[in-house]
Each structure stands twice: as structure tokens, then as C-alpha cells.
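Working notes for the structure below.
These numbers were taken from a predicted model, which means no experiment stands behind them. Sequential numbering from 1 along the given sequence is applied to the chain's residues.
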Amino acid sequence: MSRALHDMNMKLEEKSGRNRETLLYKSELHHNLKKVQLKSKHGEIFSFNENGEYITSSKIYINLMNIYGKVTRNFLGEFSPWAPPDQQLHITSMAIPWKTKDNTIPRAQCVDNCLPGYRKMPIPEAQTCCYNCVPCSEGEISIITDSVSCTQCPDMEWPNEAKDQCVQRKEDFLSYSNGVISICFLTLSILFFLLTQLVLGVFIKYQDTPIVRANNRSLSFLLLVSIKLSFLSVFLFLGRPVDITCMLRNITFGITFSIAVSSLLAKTIMVCVAFKATKPGSSWRKWVGVKLSNSVVLFCSFIQIIICMTWLAISPPFQELDLHTYPGTIINQCNEGSAIGFYSVIGYMGLLAAVSFVLAFLARTLPDRFNEAKYITFSMLLFCSVWIAMIPAYLSTKGKNTVCVEIFAILTSSAGLLVCIFLPKCYTILFRPEMNMKTNLLGNKYK
């Protein structure tokens with residue numbers, strides 16, 4: 001007030017007249033008082049704000065009552081309005097006797113902080129400091145404490161176990177070296193390939209013997225080569241799938257099996273023709289020879305080749321990344337492209353096998369010591385059983401399990417052809433040479 005009066009009087013000295021002085025005194029006192037600012041030697045500023053409130057520091061005390069009922073006042077801190085905003089309030093927290101363990105400052109919330117990997121979920125009709133911590137949803141992470149929401153990982157990444165970091169997804173395919181099953185398939189494929197090569201060597205060495213010649217040795221050689229190729233086709237199903245291997249997989253085993261089954265069909269037809277041609281004056285004699293068998297193989301195989309080429313031209317198989325079947329895993333697999341093309345290849349192969357089975361079944365009782373129709377009957381029965389069982393297993397699996405089903409079907413059906421058709425002949429050639437004589441060709445009555 002003194003400073004305000006002083007400032008006002010200094011202005012009044014410059015003016016003349018008592019009335020004017022009285023008027024200015026009454027009207028300008030509060031105006032001058034509002035503008036007064038005093039600064040102490042400690043840097044404190046004393047003044048009024050725009051609302052006419054006196055701005056000064058406030059000292060903060062706490063009243064405490066001891067066990068005897070006596071009240072004491074402890075100094076806690078001070079509020080300095082002229083200080084920077086983040087330094088206006090100063091509290092000595094250790095001077096407060098907190099009702100907590102070790103006199104620590106209590107937390108102003110109901111629950112612990114939500115760690116990374118969790119997010120806050122508000123509790124209905126509760127204070128904002130009370131919430132639940134829920135894990136991030138599948139495919140999401142949170143990297144800060146008390147996160148309000150979670151962040152979705154990129155398509156090629158997936159949260160780690162703690163859900164606080166996105167890591168590369170695990171890739172799933174049937175590799176050459178990853179797992180016992182791959183090694184088993186490789187071992188079986190190589191062993192059966194070597195066994196087929198051994199059988200082919202035996203047939204080449206004894207190609208002029210009656211048992212080899214009687215069953216059309218050229219078809220036997222073609223059948224053994226196609227079985228060898230089917231065993232080698234297993235290697236196309238192992239390793240990381242790419243577009244070229246996806247196209248070669250089904251095409252290779254489809255064509256090789258079609259050649260093999262066509263050879264068996266030609267063998268069966270030749271058995272029936274040869275029996276009918278033995279009758280005097282039979283018109284079937286003109287069909288006896290390699291032309292008929294070669295024509296059957298070429299015609300039946302050519303139809304399968306046309307089906308495969310049409311499939312590749314319209315909608316070929318391609319590499320596909322499946323991100324949704326198994327969480328956190330990329331299934332690297334082959335998409336057939338056209339389901340009609342795939343099942344057309346399988347269906348035509350099954351048609352050839354069914355026709356061969358029927359003809360071989362009808363010709364199994366023909367009187368020929370070297371008649372292999374009964375072996376073809378059993379091999380086609382096994383072949384059809386394997387591929388019929390393969391269809392539901394193929395449709396109900398994903399990823400490398402589907403590849404395992406295909407490889408198992410290829411190995412089993414190829415091994416069935418090899419064992420059922422050729423091992424009995426090899427046994428006769430190697431261990432029963434007396435049976436591999438021309439006198440046994442038509443039975444005992446011609447001895």
C-alpha cells in the first residue's frame with residue numbers, strides 16, 4: 001500500500017488543483033495498487049494478479065497426533081507461484097509418516113503397472129487408476145509399460161513369447177536334413193532305386209532266357225526304368241518349394257506312373273492275345289508282336305502327357321505361403337493351381353490301374369507257366385488301395401504333412417510294383433534256374 005501511495009503521489013505532484021488531486025486519489029489508488037510489484041533480496045516477487053489476489057509463497061505443514069494425543073506441526077514444503085511451473089511445488093516426502101511398509105510412498109493406483117506384452121483394460125464404473133492388465137491379442141505386441149493398445153505385427157513376423165517384440169515367423173516345409181522323416185524318405189528312395197537298378201541288371205544279363213523273353217522284355221525294361229524314375233521323383237518333394245519344383249512334382253510322378261501302369265496294361269493285353277493266338281486259325285496271330293504293346297504304351301502315356309500339358313498351360317502349380325493355418329508359422333507349400341488338373345492326373349492314373357487290374361484278374365488262370373497276370377493283379381490291387389487311401393489323407397493335411405502323404409504313396413506303390421512283378425522272377429532266375437527253361441514255357445504236357 002505504501003508503494004502504491006508513493007507512486008500515485010509522484011504522479012499527483014505533476015498536476016495542480018486540490019479538487020483534481022482528490023478525484024485522482026480516489027480513482028487511481030486501486031489502479032496503482034494493482035500494478036505494484038516488489039522483489040525481495042531472495043528473488044521473491046510480491047504483487048496482485050489479474051483477479052486482485054495477492055501472489056505470495058505458501059508454506060505447507062502437516063499436523064500429527066502422537067499416542068498421547070498431543071498435536072505437533074511438521075514442515076513439509078512450500079509453494080512458490082513465481083517459480084517455473086515444474087518447480088512451484090516442493091514437498092519433502094520423507095517428512096510424511098506413510099502407513100506403508102518401510103515408510104515408502106504409496107502408489108496412487110489399484111493394480112500394478114501393465115508390463116510390455118499387456119495392455120490396460122478399463123474396469124466399468126471404476127476410477128481411471130483401476131484397470132485390468134490383459135495380454136495382447138494374437139499377432140499383436142506392446143513395447144511400453146501401461147500401454148493402452150497393442151500393435152499388430154507385420155505379415156511376415158510374429159510376436160515372441162513375451163509379446164513385446166516381433167520376430168521372424170518360423171518357416172515350415174519338408175527339408176532334406178530337418179527331421180527323421182526326411183532322412184527316412186531319402187534312405188528308402190535311394191535303397192529302392194538301387195534295388196531296382198539291381199533287378200534291371202539281372203534282367204539285362206539274363207535277357208535271352210525264356211522267363212524274360214516270355215513276358216516281353218522291352219516292356220519289362222520300360223517298367224523298371226519308370227519305377228526308377230518314380231523313386232527319384234521323391235527328391236522333388238523335399239526342400240524349399242519353388243514354382244519350378246511345384247510344377248515338376250505332380251507332372252513327374254503322374255507321367256512316370258502312367259508309363260508304368262501302361263506297361264502293365266500292355267503286358268496283360270499281350271498275355272490275353274498270346275493265349276488266343278495259340279488256337280489254330282486264330283485271327284489274333286496278327287496282333288502278336290511288339291507293335292501292339294508299344295502302341296498301347298504310347299497311346300495311354302500320350303493321353304496323360306496331354307492332360308499334364310493342358311494343366312500347365314491353363315493353371316500350373318505354384319509356390320504358396322500359408323500364414324493363417326498355424327499361428328506364428330509360414331507354411332511354404334505348393335498350390336495345385338487347378339484342382340481339376342490335379343485330380344484329372346490322379347483319376348486317369350487310377351483308370352489305367354483299374355483296367356489293368358480287371359484284365360489281369362481275368363487272365364490270371366490262363367495256362368502259361370510264365371503267366372504273370374496274377375502278379376499284375378496283386379500289384380494293381382495294392383496300387384489302387386494306396387492311391388484310394390491317399391486321397392482323404394491328402395485332403396485332411398497341410399504343409400509338410402501333405403508332402404509326406406504324397407511321398408509315402410509314391411514309395412509304397414512303386415515298391416509294390418517292384419516286389420510283386422519282379423522279385424518272383426528274380427528268384428526263379430537266380431535260385432531256380434531249372435525253372436527258367438524253354439521246356440517249361442507251356443507246361444508239363446509239352447515236355
Side-chain angles (χ1 to χ4, degrees), residues 111-123 131-189 233-250 315-339 342-343 389-411:
V111 295
D112 294 332
N113 297 96
C114 293
L115 300 176
Y118 293 81
R119 65 174 179 86
K120 296 195 296 185
M121 186 178 70
I123 300 176
Y131 48 84
N132 292 326
C133 293
V134 295
C136 290
S137 302
E138 190 175 86
E140 296 181 343
I141 64 166
S142 65
I143 59 176
I144 60 175
T145 303
D146 287 336
S147 177
V148 178
S149 60
C150 299
T151 306
Q152 184 76 29
C153 285
D155 288 340
M156 302 304 291
E157 296 181 352
W158 194 257
N160 59 359
E161 188 174 352
K163 292 189 175 181
D164 58 359
Q165 183 181 4
C166 291
V167 297
Q168 188 70 26
R169 288 178 183 245
K170 183 178 68 173
E171 196 169 8
D172 182 65
F173 60 91
L174 194 62
S175 65
Y176 282 96
S177 57
N178 186 16
V180 178
I181 190 168
S182 298
I183 298 175
C184 291
F185 282 147
L186 282 173
T187 304
L188 289 174
S189 177
S233 67
V234 171
F235 288 86
L236 293 173
F237 290 83
L238 299 176
R240 185 189 305 273
V242 293
D243 289 342
I244 186 64
T245 56
C246 288
M247 288 187 287
L248 290 176
R249 280 182 179 182
N250 297 324
S315 181
F318 59 91
Q319 180 197 22
E320 180 185 48
L321 299 179
D322 184 0
L323 306 176
H324 308 291
T325 301
Y326 300 118
T329 302
I330 301 176
I331 301 178
N332 198 336
Q333 62 185 3
C334 288
N335 188 307
E336 291 86 3
S338 172
F342 175 75
Y343 289 109
M390 173 263 186
I391 299 300
Y394 180 86
L395 295 175
S396 61
T397 54
K398 283 286 188 179
K400 63 182 181 182
N401 295 328
T402 304
V403 179
C404 291
V405 170
E406 291 184 273
I407 294 177
F408 178 79
I410 292 173
L411 289 177

Discussion item. If you count heavy atoms of other groups shown closer than 6.0 angstrom to CZ of Phe408, is the number above 12?
Written reply: no
Worksheet item: Would you say Arg249's side chain and Pro241's backbone share a donor-acceptor pair under 3.5 angstrom?
Response: no
Worksheet entry | Point-to-point distance, once rounded to the nearest 0.5 Å, from CG of Asp172 to CD1 of Ile330 | 10.5 Å
Worksheet, complete the sentence: Value for SG (Cys246) from CG (Asn332), rounded to nearest 0.5 Å, stands at 8.0 Å
Worksheet item: Is it true that atom CD1 of Ile143 has more than 12 heavy atoms of other residues, nucleotides or ligands lying nearer than 6.0 Å?
Response: no
Worksheet item: Are the side chain of Ser142 and the backbone of Gly117 linked by a donor-acceptor contact shorter than 3.5 Å?
Response: yes
Discussion item. With a 6.0 Å cut-off (strictly less than), is the heavy-atom count around CD of Gln168, excluding the residue itself, greater than 12?
Written reply: yes
Worksheet item: Shortest non-hydrogen contact from Arg169 to Asp155?
Response: NE-O, 2.7 Å
Worksheet item: Can you tell if the side chain of Phe237 reaches within under 4.5 Å of the side chain of Lys400, non-hydrogen atoms only?
Response: no
Worksheet item: Taking atom CD of Gln319 and atom CE of Met247, what is their separation to the nearest 0.5 Å?
Response: 11.5 Å
Fill in: Heavy-atom pair of closest approach, residues Leu174 and Cys404
CD2-SG, 3.9 Å
Discussion item. Thr145 vs Tyr118, test: side chain to side chain contact (heavy atoms under 4.5 Å, CB included). Steps then yes/no.
Written reply: CA-CA 8 Å; Thr145 303; Tyr118 293 81; over 6 Å; no
Worksheet item: Is the backbone of Ile183 close enough, under 3.5 Å, to the side chain of Thr187 for a donor and an acceptor to pair up by distance?
Response: yes
Worksheet, complete the sentence: The reported gap from CH2 in Trp158 to NZ in Lys163 (rounded to nearest 0.5 angstrom) is 8.5 Å
Worksheet item: Can you find a heavy atom in the side chain of Val403 that is under 4.5 Å from one in the side chain of Phe173?
Response: no
Worksheet item: Roughly how far, to the nearest 0.5 Å, is CD of Gln333 from CZ of Arg240?
Response: 14.0 Å
Item to complete: Take Arg119 and Glu140 through the salt bridge (charged side-chain N to carboxylate O under 4.0 Å, His left out) test and state the conclusion after the steps.
Response: CA-CA 11 Å; Arg119 65 174 179 86; Glu140 296 181 343; 5.7 Å; no
Practice prompt. Would you check if Phe342 and Pro317 make a side-chain contact, meaning some heavy-atom pair closer than 4.5 Å?
Written response: no
Practice prompt. Verify, without hydrogens or angle tests, whether Thr245 (side chain) and Leu236 (backbone) share a donor-acceptor contact under 3.5 angstrom.
Written response: no
Worksheet item: To the nearest 0.5 Å, how far apart are OG in Ser315 and CG in Asn335?
Response: 7.5 Å
Discussion item. Measuring only between side-chain heavy atoms, which start at C-beta, is Pro154 closer than 4.5 Å to Cys166?
Written reply: yes
Fill in: Stepwise side chain to side chain contact (heavy atoms under 4.5 Å, CB included) check, Ile407 with Ile181
CA-CA 11 Å; Ile407 294 177; Ile181 190 168; over 6 Å; no
Worksheet entry | Derivation of the side chain to side chain contact (heavy atoms under 4.5 Å, CB included) call for Ile141 and Cys136 | CA-CA 6 Å; Ile141 64 166; Cys136 290; 5.5 Å; no
